[in-house]
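Every heavy atom of this structure was used, including side-chain atoms; hydrogens, water molecules and symmetry mates were not. When a residue number appears, it is its place in the shown sequence, counting from 1.
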Amino acid sequence: SLKQHVNKVVSSCYYHIRRLRQVSHCVGQDVMIQLASAFILSRLDYCNSILAGLPKSTIASLQRVQNAAARMVLNLRPRDSISDGLRQLHWLPIESRIQFKLCLLMHLIHTGRCPSYISETVQLVADNAGRAGLRSASTSRYILPRLRTVFGERAFSFSGPKAWNALPGRFHSIESTDSFKKTAQNVFIQSLCLVSKSFFIFFVCVLLCLSKRRWTYFCNWRYTNYLLTYLLNLLPVELRRVYIDFMLNNKIFNNHSCI
């Protein structure tokens, strides 16, 4: 199973981390980054597209391996922030690396540089005769097949088009693979920075909502709702929907009218 595969990859990576720590004091940081990329990241990236859709509990062990490698390269203490270290090294987390690999494979399919046994598993919306009259037929999006189970979302025929369709439209017209890699990696890193900022905005929103009753004595509720709406509009659409649902489920908002 994939759990056994993940466990073997984790065991192999920890072995190389222990060996690299023995020589870390003899070489510089630039050399350690190259060694970590050659012995650890290469194993984490090998065929990682098959890990799409796995539970977070299964991928968490791979993320701990990458965190240990980053701490070794940067000589971080156990309590130091690992997110800042990954951004400093320009390393994507494991989940983002999986999505990046899926987008890269879809780019190779879209530009005709992929074997036929992979390209035949997906289909452009424009190539479907039943959707020829739709607006989506004029785009470079791919069809998401209908599935009966969540387990089927792990197949490349679903996970690949899903990752490709989530990219901005300007990525679909890039012909150079090297240019696509650089641009996509920068976008993934920027999205991670945006997510970290969005959590701060979310907690500010929650604090404002919880303190509404106290604020009633000093200011009007309407101004508090305006501030909440402004903060929520700073978030991405997907995160905004998650946070609004959280507030509604916990009765922080009484209705949708104040959102």
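Taking 4.5 Å as the limit, every side-chain heavy atom of R71 sits out of range of all side-chain heavy atoms of R77. Looking at V122 and I143, their side chains never come closer than 4.5 Å, going by heavy atoms from C-beta outward. Proximity of L74 to L89: side-chain heavy atoms (C-beta onward) are separated by under 4.5 Å at one or more points. Inter-residue side-chain proximity for I109 and Y142 is flagged as met; some heavy-atom pair is nearer than 4.5 Å. For the pair L108/I118, no side-chain contact is recorded, criterion being any heavy-atom separation below 4.5 Å from C-beta on. Residues C13 and V9 have side chains in contact (heavy-atom distance under 4.5 Å, counting atoms from C-beta outward). You'll find the side chain of F100 reaches within 4.5 Å of the side chain of K181, heavy atoms only.
Atom-to-atom distance recorded for E120:CD and S157:OG is 13.0 Å, nearest 0.5 angstrom. Note that NE2 of H16 and OG of S11 are 9.5 Å apart. Values are rounded to the nearest 0.5 Å. Between atom CG of residue L86 and atom OG of residue S96 there is a gap of 10.0 Å, rounded to the nearest 0.5 Å.
The backbone N or O of A52 lies less than 3.5 Å from no partner atom in the side chain of E153, so there is not a single donor-acceptor pair. The backbone N or O of W164 lies less than 3.5 Å from no partner atom in the side chain of H110, so there is not a single donor-acceptor pair. At least one donor-acceptor pair under 3.5 Å links the side chain of N186 to the backbone N or O of K182. Judged purely by atom type and a 3.5 angstrom limit, S12 has no side-chain atom pairing as donor or acceptor with the backbone of K8. The backbone N or O of L76 sits nowhere less than 3.5 Å from a side-chain atom of D80 that would complete a donor-acceptor pair. In this structure a side-chain-to-backbone donor-acceptor pair under 3.5 Å is present from Q63 to I94. T183 places a side-chain N or O within donor-acceptor distance of the main-chain N or O of S179, the cut-off being under 3.5 Å. Although no hydrogens or angles enter the test, the distance criterion places no donor-acceptor pair under 3.5 Å between the side chain of R154 and the main chain of S159.
Annotation: ring-ring contact (aromatic ring centres under 6.0 Å, His included) contacts of F158 (sequence neighbours excluded): none. Annotation: side chain to side chain donor-acceptor pair (under 3.5 Å) contacts of K101 (sequence neighbours excluded): N48. Not counting sequence neighbours, the partners of R97 by the salt bridge (charged side-chain N to carboxylate O under 4.0 Å, His left out) test are D45. By the side chain to side chain donor-acceptor pair (under 3.5 Å) test, R19 is found to be paired with Y15, residues two or more places apart in sequence or in another chain being considered. Qualifying side chain to side chain donor-acceptor pair (under 3.5 Å) partners for T111, counting only residues two or more places apart in sequence or in other chains: R113. N75 meets the side chain to side chain donor-acceptor pair (under 3.5 Å) test with no other residue; sequence neighbours excluded.
Considering all non-hydrogen atoms of both residues, L92 and Q66 come closest at O-NE2, 2.7 Å. In this structure, T58 and V6 approach most closely via the heavy-atom pair O-CG1, 3.7 Å. The nearest pair of heavy atoms linking Y14 to A68 is CE2-CB, 4.2 Å. The shortest heavy-atom contact between F156 and M106 is CZ-SD, 3.8 Å. Nearest heavy-atom pair across I174 and H107 is O-CE1, 3.1 Å. Residues L51 and I59 approach most closely at O-CD1, 4.1 Å, considering heavy atoms.
Residues L102 and L144 do not share a hydrophobic cluster, defined by chaining ILVMFWY side chains whose heavy atoms lie under 4.5 Å apart. A single hydrophobic cluster is not seen to contain both L35 and Y46; linkage of ILVMFWY side chains at heavy-atom distances under 4.5 Å, directly or through other members, places them apart. Placement of V31 and W91 within a single hydrophobic cluster is found when ILVMFWY residues are connected by side-chain heavy-atom separations under 4.5 Å, directly or transitively.
For H172 and R141, the side-chain atoms include no donor-acceptor pair closer than 3.5 Å.
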F171 vs C103, side chain to side chain contact (heavy atoms under 4.5 Å, CB included): CA-CA, chis, key distance, verdict: CA-CA 10 Å; F171 286 87; C103 293; over 6 Å; no
Quick one, R43 with L62, criterion side chain to side chain contact (heavy atoms under 4.5 Å, CB included). Give me CA distance, side-chain angles, the key distance, then yes/no. CA-CA 10 Å; R43 286 175 167 79; L62 296 174; over 6 Å; no
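Among the candidates I33, D30, I40, the single residue satisfying the side-chain contact (heavy atoms from CB on, under 4.5 Å) test with V73 is I33.
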